[in-house]
Amino acid sequence: PDKLERQMPVLEANPAVGLVHGHTDVMDGQGGPLPEQTAWQRSVFDAAHQRPVTYAGYVLDCRCMTSTIVVRRECFERVGAYDPAIGLEDLDFYLRLLREYDVVFVAGAPLARYRMHESQTANEELAYGRIEAVRKHLELIETGPPLPDKRLARRNLLLALGDAYHVLGEGRATRRYTLEAVRLDPSLLLDRRVARQLAVSALPGRSRPGRA
């Protein structure tokens, strides 16, 4: 009930802020509370927002529930609306917005309820949508306005592609894009997750044809 009351002052206080969002309570298909899922989601979202939101950061770890957002109307006029050609259209929109505006996460009490149910989008479909969004932004960082963290953004976009193909079990593409990210930043080899992903991508049966 106090969602807008808590979000609007953030927009009114700073014209550089284009989007405000926050936590949700997770519910089951019948509207009953799921406290364990809520606690896990809160911890992940809080950890992701220890620092200000950046384009490069959200490329790799976008923690934003669409049901909680408030967006300035001028943002849609400036960066465009949701792109129906992209399977993960919310990620694409957030990234386009972050090229022009700040995003603020409001911690504390939930701003909405998020219902888990059997007909939600499958992980495979989400992975393909992520690939579409990332490919779009790999082109945009070359043709759009300059980014202050372009090299980091490109590294993270390549890592995100590798992650998505890893979810799909497409080892060849996983390895290709993860190694491209490593070439930009060799220190990634010290990241256990990256090293493990490269190792798994080389296993037999992880190279089925995909959309690389």
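Between the Gln37 side chain and the Val26 main chain, no donor and acceptor come within less than 3.5 Å of each other. A donor-acceptor pair is defined here as one N or O able to donate and one able to accept, closer than 3.5 Å; no such pair exists between the side chain of Arg115 and the backbone of Asp28. Within the 3.5 Å criterion, the main-chain N or O of Arg183 finds no donor-acceptor partner in the side chain of Arg155. Remark: the backbone N or O of His117 is paired with a side-chain donor or acceptor of Gln120 at under 3.5 angstrom. In this structure, the side chain of Arg135 does not engage the main chain of Leu161 through any donor-acceptor pair within 3.5 Å. The main-chain N or O of Leu111 is never found under 3.5 Å from a side-chain atom of Thr68 such that the two would form a donor-acceptor pair. At distances below 3.5 Å, not a single donor-acceptor pair connects side-chain atoms of Asp149 with backbone N or O atoms of Ala153.
Thr54 is not listed as a side-chain neighbour of Leu98, based on a closest heavy-atom distance of 4.5 Å or more. Using a 4.5 Å cut-off on side-chain heavy atoms (C-beta onward), Arg42 and Pro110 make contact. Between Leu198 and Leu189, some side-chain heavy-atom pair lies under the 4.5 Å cut-off. Counting heavy atoms from C-beta outward, Glu142 and Leu140 have side chains that stay 4.5 Å or more apart. Side chains of Glu124 and Leu168 form a contact here, defined as non-hydrogen atoms less than 4.5 Å apart. Side chains of Pro52 and Asp102 form no contact here, defined as non-hydrogen atoms less than 4.5 Å apart. Using a 4.5 Å cut-off on side-chain heavy atoms (C-beta onward), Leu34 and Met116 make contact. Looking at Val167 and Asp163, their side chains never come closer than 4.5 Å, going by heavy atoms from C-beta outward.
Taking the centre and axis of the six-membered ring of Tyr165, the NZ or CZ atom of Arg130 falls outside the cone set by 45° and 6.0 Å. Taking the ring centre of Tyr101 as origin, the terminal cationic atom of Arg72 falls outside the region bounded by 6.0 Å and 45° from the ring axis.
Ile141 is not connected to Ile86 by any chain of hydrophobic side-chain contacts under 4.5 Å among Ile, Leu, Val, Met, Phe, Trp and Tyr, and they are in different clusters. Linking Ile, Leu, Val, Met, Phe, Trp and Tyr residues whenever their side-chain heavy atoms come within less than 4.5 Å places Val79 and Leu147 in a single cluster. Two different hydrophobic clusters hold Tyr177 and Val194 under the rule that ILVMFWY side chains link at heavy-atom gaps under 4.5 Å. Both Leu88 and Leu138 sit in one connected hydrophobic cluster of ILVMFWY residues. Membership requires side-chain heavy atoms under 4.5 Å apart, directly or through other members. Hydrophobic clustering (ILVMFWY, side-chain heavy atoms < 4.5 Å, transitive): Tyr128 and Leu95 are in one cluster.
Taken from CZ in Arg113 to CE in Met65, the straight-line distance is 14.5 Å, to the nearest 0.5 Å. The CD atom of Gln50 sits 14.0 Å away from the CZ atom of Phe45 when rounded to the nearest 0.5 Å.
The heavy-atom pair separating Leu159 from Thr178 by the smallest distance is CD2-CG2, 4.4 Å. Closest heavy-atom contact between Val59 and Leu157: CG1-N, 3.3 Å. Here the closest heavy-atom approach between residue Cys62 and residue Leu91 is recorded as CB-CD1, 3.8 Å. Between Lys3 and Ile69, the shortest heavy-atom distance links the atoms NZ-O, 3.5 Å. Asp92 approaches Lys136 most closely through the heavy-atom pair OD2-NZ, 3.1 Å. Pairing each heavy atom of Gly57 with each of Asn156, the nearest pair is N-ND2, 4.4 Å.
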**Message:** If you apply the rule side-chain contact (heavy atoms from CB on, under 4.5 Å), what do you find for Glu125 with Asn123, and how did you get there?
**Reply:** CA-CA 5 Å; Glu125 188 175 343; Asn123 286 339; over 6 Å; no

**Request:** Show your reasoning for whether side-chain contact (heavy atoms from CB on, under 4.5 Å) applies to Phe76 and Val71.
**Result:** CA-CA 8 Å; Phe76 292 107; Val71 182; 3.6 Å; yes

**Message:** Working note: Tyr114 + Met27, criterion side-chain contact (heavy atoms from CB on, under 4.5 Å); need CA distance, chi angles, decisive distance, verdict.
**Reply:** CA-CA 6 Å; Tyr114 181 75; Met27 319 297 286; over 6 Å; no

List, one per line, each side-chain donor-acceptor pair under 3.5 Å for residues 10-21, sequence neighbours excluded.
from	atom 1	to	atom 2	distance (Å)
Asn14	OD1	Ala16	N	2.9
His21	NE2	Tyr58	OH	3.1

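Note: Phe105 and His49 have parallel aromatic rings, judged against thresholds of 30 and 60 degrees for the angle between ring planes.
Evaluation of the salt bridge (Lys or Arg N to Asp or Glu O under 4.0 Å) rule for Arg175 yields no partner, not counting sequence neighbours. Applying the side-chain hydrogen bond (donor to acceptor under 3.5 Å, both in side chains) test to Thr24 and every residue at least two apart in sequence or in another chain returns Gln41.
A side-chain contact (heavy atoms from CB on, under 4.5 Å) with Leu158 is found for exactly one of Asp185, Leu60, Leu184, Leu179, namely Leu184.
With hydrogens and angles left out, the side-chain atoms of Thr66 and Tyr94 include a donor and acceptor closer than 3.5 Å.
Taking a 6.0 Å sphere around CZ of Arg193, one finds it holds more than 12 heavy atoms contributed by other residues, nucleotides or ligands. Heavy atoms from other residues, nucleotides or ligands lying under 6.0 Å from CD of Glu77 number more than 12.
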